[in-house]
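Notes follow the structure.
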Amino acid sequence: MMKNSYLSMIVLYCLHKINGERTIYSILHLLNGKKSSQTIQDAHIFNLTTFFSTFPLLKRAELDMYIDILNKQGFVSTNAEQSYCVTSVGLKQLEEYFKPNPIPANLNGWKFHNLTDLFWERLSLAIQVISHLKNRNSKYLPIQKSKEHHKWLKGYLYKCKLSKDELAEKLYDELVACLETMDGLDPSIFVKRVTGYQIIGLTEAQAADQFDMDEEAYHIQFLSILHYMLEKVGTKQGDFPLLSCMIEDKKRATPLTESSNRTFNLLQMGYRLEEIAQMRKLKKNTIEDHLVEIALNIPNFDISAFVNIDKQKEIKMAINSVSSKQLKHIRELVPDVDYFEIRLVLAKGGEKK
């Protein structure tokens, strides 16, 4: 039933973390993976990066329905227009629900949202094609229809320079080595989706049904396995040459959105904010949004050129003296700073942990 669904509990969990300081639609933007500065900053400030872009197809009407059900159950109470706080009953429900169904530790939507679909599509196609090559069978329909993926695979097979049998064996060994070290996740959740020679992979709905799982819970488990694989393959490329090669051309040096990455490159070349805005024909506040994203994601990025050290101290004191993460409440205590400066300090971890 919808009221007991995994997704409704994720929505309740997000409401708990946000604690009435944003509207319910900030959760929608988070789960959809909206690349706005506000959503990216909220994901970090409220420690919800895990869920970024995990439900890109969730609709506003569906979220409204979940909120309505949570409200009727007494799990949430109205805080302001389109804003809710989780009640003590709701907190108890969260604890009881996630105790046997914990949020997987490997889930990392923010870090891997740009790679997850691509990795799965390439990997599933490669497994299917290599499986059929090994069995000398050329009569099959590719599981992925994208011509771009087909072109990529031709280049991949050429680059590997292995015989059909060697390639199949080495890819199998890498997959086993990668999946067998997982804790708390069942590798068969991944395996059931794979199509190969005389084997047809299940859809997400079919797999969820076979595992007797809520479809959204299965979806999160499956994503977590892909995220685990991406983390493992990314950190130990030498151990997984065939798997790491599947994402090598798409990995970015920084986890920034494309536009913020351009701004970051110009900053590194010594250009000022006003110059960058003029060069890129963007508003200054858009460039400021990029800076906040850079501060959130680049550990050694120094913000002192934009907020002097004394102001940073004032802002941190203000942040630590109020329970709210709403900018207006922080600014009331330090009226001589602007919102951009507060956002930068928050982005660099100025909030109370």
Side-chain angles (χ1 to χ4, degrees), residues 5-18 22-64 66-67 98 102-124 144 146 149 185 189-190 193 203-205 207-208 214-234 246-247 250-261 289-290 292-298 347:
S5 78
Y6 199 84
L7 182 50
S8 71
M9 290 298 101
I10 287 176
V11 170
L12 185 62
Y13 178 83
C14 291
L15 286 171
H16 167 55
K17 298 292 280 185
I18 287 170
R22 301 288 188 273
T23 72
I24 57 173
Y25 300 114
S26 66
I27 296 171
L28 181 68
H29 299 326
L30 171 82
L31 298 178
N32 284 169
K34 185 177 180 181
K35 300 273 183 77
S36 70
S37 174
Q38 183 66 58
T39 300
I40 292 167
Q41 184 164 7
D42 283 351
H44 285 81
I45 287 175
F46 295 107
N47 296 314
L48 290 170
T49 51
T50 291
F51 295 111
F52 187 84
S53 197
T54 49
F55 291 94
L57 301 180
L58 180 67
K59 299 288 187 284
R60 190 182 180 104
E62 292 176 271
L63 178 69
D64 287 339
Y66 285 123
I67 297 292
F98 283 120
I103 298 162
N106 300 299
L107 188 67
N108 196 333
W110 171 250
K111 185 172 183 179
F112 296 119
H113 70 277
N114 284 322
L115 287 175
T116 309
D117 288 346
L118 179 85
F119 179 60
W120 165 242
E121 287 160 6
R122 286 181 172 182
L123 176 58
S124 59
Q144 301 294 342
S146 165
H149 289 333
L185 290 170
I189 284 173
F190 170 83
R193 299 287 302 281
T203 65
E204 195 163 78
D214 179 320
E215 191 172 335
E216 293 133 349
Y218 175 86
H219 171 72
I220 288 295
Q221 294 272 322
F222 182 71
L223 277 184
S224 298
I225 291 174
L226 293 180
H227 292 172
Y228 171 84
M229 293 175 76
L230 284 165
E231 182 68 41
K232 186 106 176 175
V233 168
M246 293 184 180
I247 52 170
K250 296 294 182 181
K251 285 199 300 185
R252 273 208 189 121
T254 61
L256 300 171
T257 55
E258 191 174 332
S259 190
S260 294
N261 201 46
D289 285 348
H290 294 167
V292 171
E293 189 185 332
I294 291 162
L296 281 164
N297 290 287
I298 307 299

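- Residues V292 and L296 are in side-chain contact: their nearest non-hydrogen atoms beyond the backbone lie under 4.5 Å apart.
- Rounding to the nearest 0.5 Å places OG of S8 at 12.5 Å from CD of E62.
- Annotation: ring-ring contact (aromatic ring centres under 6.0 Å, His included) contacts of F46 (sequence neighbours excluded): none.
- Between I294 and S260, the closest heavy-atom pair is CD1-O, 3.9 Å.
- Considering only residues two or more places apart in sequence or on other chains, D117 meets the side-chain contact (heavy atoms from CB on, under 4.5 Å) condition with E121.
- Side-chain contact between I40 and T257 is present, with heavy atoms from C-beta onward closer than 4.5 Å.
- F98 is linked by a ring-ring contact (aromatic ring centres under 6.0 Å, His included) to Y6, counting only residues two or more places apart in sequence or in another chain.
- Under the 3.5 Å distance criterion, the side-chain polar atoms of D214 are matched with a main-chain donor or acceptor of E216.
- Listed by chain and number, the residues in a ring-ring contact (aromatic ring centres under 6.0 Å, His included) with H290 amount to none (sequence neighbours excluded).
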Step by step, would you call K111 with H227 a side-chain contact (heavy atoms from CB on, under 4.5 Å)?
CA-CA 9 Å; K111 185 172 183 179; H227 292 172; over 6 Å; no
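- Atoms CD and OG, from E231 and S224 in turn, are 12.5 Å apart once rounded to the nearest 0.5 Å.
- In terms of the side-chain contact (heavy atoms from CB on, under 4.5 Å) criterion, residue partners of A205 (sequence neighbours excluded) are, by chain and number, T203, E215.
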Show your reasoning for whether side-chain contact (heavy atoms from CB on, under 4.5 Å) applies to I18 and I24.
CA-CA 9 Å; I18 287 170; I24 57 173; over 6 Å; no
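- With values rounded to the nearest 0.5 angstrom, T116 atom OG1 is found 9.0 Å from N108 atom CG.
- Residues R193 and Y218 form a side-chain contact, since some pair of their non-hydrogen atoms from C-beta on lies under 4.5 Å apart.
- Residue pairs meeting the salt bridge (charged side-chain N to carboxylate O under 4.0 Å, His left out) criterion with at least one partner in residues 38-48, sequence neighbours excluded, are R22-D42.
- In this structure the side chain of L115 never reaches within 4.5 angstrom of the side chain of L226, judged on heavy atoms.
- Checked against side chain to side chain donor-acceptor pair (under 3.5 Å), N106 has no partners two or more places apart in sequence or in another chain.
- If you take CD1 on I27 and CG on L63, they are separated by 6.5 Å, rounding to the nearest 0.5 Å.
- Partners of W110 by side chain to side chain donor-acceptor pair (under 3.5 Å), not counting sequence neighbours, listed by chain and number: N297.
- Residues satisfying the salt bridge (charged side-chain N to carboxylate O under 4.0 Å, His left out) test with K232, not counting sequence neighbours, are none.
- Sequence neighbours left out, not one pair with a member in residues 8-18 passes salt bridge (charged side-chain N to carboxylate O under 4.0 Å, His left out).
- Between K35 and E258 there is no salt bridge, since no side-chain nitrogen of the basic residue lies less than 4.0 Å from a carboxylate oxygen of the acidic one.
- For the pair L107 and Q221, the minimum side-chain heavy-atom distance is 4.5 Å or more.
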Show me the donor-acceptor pairs, under 3.5 Å and distance only, between side chains in residues 48-58 and residues at least two apart or in other chains.
unit_1, atom_1, unit_2, atom_2, d
T54, OG1, F51, O, 2.7

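- In this structure the side chain of I10 reaches within 4.5 angstrom of the side chain of I220, judged on heavy atoms.
- How far CD of Q38 is from CG of L30: 12.0 Å, rounded to the nearest 0.5 Å.
- With a 4.5 Å cut-off on side-chain heavy atoms, L31 and L7 count as touching.
- A 4.5 Å side-chain heavy-atom check between L15 and I67 finds at least one atom pair inside the cut-off.
- Each of W120, F112, F190 was scored for a side-chain contact (heavy atoms from CB on, under 4.5 Å) with M229, with one residue passing: F190.
- For F119, there are no ring-ring contact (aromatic ring centres under 6.0 Å, His included) partners, not counting sequence neighbours.
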